[in-house]
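Below, read A as the first sequence line, B as the second, and so on, with proteins coming before strands; counting in each chain starts at 1.
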Protein chains: 2
Amino acid sequence: MFEKVLIVDDHDVVNEGVLVVLKSKGIDQVHKAQYCDEAFLKIKKAAFDNQPFDLLITDLSFKKDYHESKLLSGDDLVAALRPDFPDLQIIVYSMEDRLQKVRILVNKHHINSYVCKGRKGAAELEKAIECVYNNELFLSPQVENALSSRTNLEITDYDIELIKQLSLGLSQGEISNLFEKNNITPNSLSSVEKRLNKLKDQFKANNAIHLVAIVKDLGLI
Amino acid sequence: MFEKVLIVDDHDVVNEGVLVVLKSKGIDQVHKAQYCDEAFLKIKKAAFDNQPFDLLITDLSFKKDYHESKLLSGDDLVAALRPDFPDLQIIVYSMEDRLQKVRILVNKHHINSYVCKGRKGAAELEKAIECVYNNELFLSPQVENALSSRTNLEITDYDIELIKQLSLGLSQGEISNLFEKNNITPNSLSSVEKRLNKLKDQFKANNAIHLVAIVKDLGLI
DNA sequence: TTTGAAGTTACGGTATTCCGTAAAGCATTT
DNA sequence: AAATGCTTTACGGAATACCGTAACTTCAAA
């Protein structure tokens with residue numbers, strides 16, 4: 001089984017909880033970090049000292065505080081680590097359940113498992129650890145379809161920007177002008193309307209208000 | 001110190017982490033629940049068996065799943081408990097850091113502490129437990145101004161219902177009809193418009209979409 | 001080069017929102 | 001009873017959203 005593990009989460013309580021899971025699997029050498037920069041340095045130093053980590057378990061989103069940080073998110077951390085540590089096993093453990101996000105992490109950054117925080121987080125984390133140890137990929141049920149290409153109804157950055165501007169109180173006409181000024185295309189009023197219609201379909205929203213409320217609930221803006 | 005404690009959070013890993021904190025304070029009789037309904041029943045039963053809980057530590061937001069639930073949130077749970085258990089000590093432990101939310105929980109539901117999930121969650125939770133044991137209120141630094149803040153957002157239940165219906169996709173006309181059917185007054189289209197205008201003023205919203213977005217961010221709906 | 005598909009833009013009609021003004025209802029005061 | 005202030009309702013016009021249709025562009029395949 002893994003010997004030396006680093007867990008990275010800004011919530012100390014969560015770190016403590018993950019620690020319990022690892023202990024239950026008989027892993028004793030567990031280190032913790034609450035910042036991505038801190039995690040990065042710890043991994044670097046461990047490798048330098050010839051006592052490298054076998055496994056990294058990291059969250060994605062980190063609240064900013066007075067600390068100056070270069071790596072602001074788990075994505076940043078993984079991206080920064082991969083060039084130097086292509087063989088480090090990485091499990092991402094996050095609230096985030098957007099398929100797009102998972103897909104990028106797996107395909108581009110070659111993480112080894114993706115576990116969604118949730119009711120069964122502990123059990124899934126255990127399963128992920130087993131899988132990763134056996135060189136298998138584990139994905140939480142919520143996101144297990146992330147890699148099958150059929151699920152193409154993902155929302156683009158353009159869509160998110162559009163809905164965000166709506167939520168900030170701009171009219172469709174104002175958004176059209178804003179996009180034109182910022183060289184975001186398409187930007188005609190007609191296109192804004194059309195895109196909005198597509199989104200209303202996709203999210204089964206009655207109107208723009210409803211759409212914004214739904215997308216806010218999903219945490220996309 | 002407290003003897004019998006119930007912790008309620010849908011994430012098992014978080015529950016485990018809180019458990020570690022309690023153990024470190026020498027509290028051994030700790031029970032866990034992952035659903036609000038479950039928590040409610042456990043507290044009822046414990047009281048019935050004459051072995052009541054001294055302390056409840058609960059999250060606010062719970063993901064829905066296949067379980068049928070009556071109590072959907074920590075707010076619901078607290079509101080359901082208070083009539084029967086006015087003396088139960090309650091610590092809310094949540095991501096949520098909206099002052100309005102804290103204010104309502106403290107003033108209306110008489111919770112005994114509010115701790116924000118964050119980097120120092122464990123330390124703050126400990127401090128909260130100490131305070132509550134000494135009959136003092138503890139609030140995390142992020143929200144400690146919740147009660148002093150003179151920004152008295154006077155918003156009525158009527159207003160909240162109105163905005164909620166908007167966020168559910170109803171047009172102003174439909175809301176007018178709905179209110180008439182439910183004997184909620186005023187209910188003319190004109191009155192709905194007028195009230196909405198007042199709210200847009202109050203929250204400095206450009207339009208209805210903006211209003212809903214703002215009020216959602218404040219956690220009022 | 002032609003063709004077709006997908007994406008973008010233009011336009012027109014209807015519905016709804018937005019906003020000001022005014023009338024009607026209601027309770028309290030004079 | 002009349003006057004007053006407050007709330008609710010009614011109405012109308014301008015702005016915006018909503019929704020279908022059609023034309024134009026782009027790009028890649030035939």
Students should find that the nucleotides of DNA chain C closing off the region near chain A, any atom under 4.0 angstrom from a heavy atom, are C:dT8 to C:dC11

Do you see a donor-acceptor pair shorter than 3.5 Å between the side chains of A:E161 and A:Q165?
yes

For the atom pair CG (A:L162) and CG (A:L170), what is the distance rounded to the nearest 0.5 Å?
10.5 Å

Taking the side chain from A:N187 and the backbone from A:S176, do they hold a donor-acceptor pair closer than 3.5 Å?
no

Ring pair (Phe, Tyr, Trp, His ring centres under 6.0 Å) filter on A:F53, not counting sequence neighbours, yields A:H31

Which residues in residues 193-200 of chain A have at least one heavy atom lying under 4.0 Å from any atom of DNA chain C?
A:K194, A:R195

DNA chain D: 5'-most and 3'-most nucleotides touching chain A, 4.0 angstrom heavy-atom criterion:
D:dT16 to D:dC19

Do A:L60 and A:V92 have side chains that get closer than 4.5 Å, going by heavy atoms?
yes

Could you list the residues that satisfy ring pair (Phe, Tyr, Trp, His ring centres under 6.0 Å) with A:F85, not counting sequence neighbours?
none

Give every donor-acceptor pair under 3.5 Å between a side-chain atom in residues 7-15 of chain B and any protein atom, sequence neighbours left out.
from  : atom 1 : to     : atom 2 : distance (Å)
B:D9  : OD1    : B:H11  : N      : 3.0
B:D9  : OD2    : B:K117 : NZ     : 2.7
B:D10 : OD2    : B:K63  : N      : 2.9
B:D12 : OD1    : A:G121 : N      : 3.1
B:D12 : OD1    : A:A122 : N      : 3.0
B:D12 : OD2    : A:A122 : N      : 3.1
B:N15 : ND2    : B:D9   : O      : 2.9

With the threshold set at 4.0 Å, does a side-chain nitrogen-carboxylate oxygen contact exist between B:D84 and B:K44?
yes

Is there a side-chain contact between B:L196 and B:L166, using heavy atoms and a 4.5 Å cut-off?
yes

pair B:H210-B:K204: side-chain heavy atoms closer than 4.5 Å
no

Mind jotting down which residue pairs meet the ring pair (Phe, Tyr, Trp, His ring centres under 6.0 Å) criterion with at least one end in residues 174-208 of chain A? Sequence neighbours excluded, please.
A:Y158-A:F179

Check ring pair (Phe, Tyr, Trp, His ring centres under 6.0 Å) between B:Y35 and all other residues, then give those that pass, not counting sequence neighbours.
B:H67

Partners meeting ring pair (Phe, Tyr, Trp, His ring centres under 6.0 Å) with A:F2 (sequence neighbours left out):
A:Y133

In residues 182-190 of chain A, what residues come within less than 4.0 Å of DNA chain C, judged by heavy atoms?
A:P186, A:N187, A:S188, A:S190

What residues 203-211 of chain A contributes to the DNA chain D interface at heavy-atom separation below 4.0 Å is A:N207, A:A208

Do the side chains of B:L88 and B:R82 get nearer than 4.5 Å, heavy atoms only?
yes

Of all pairs that satisfy salt bridge (Lys or Arg N to Asp or Glu O under 4.0 Å), the ones with a partner from residues 118-132 of chain A, not counting sequence neighbours
A:K25-A:E126, A:K25-A:E130, A:R119-B:D65

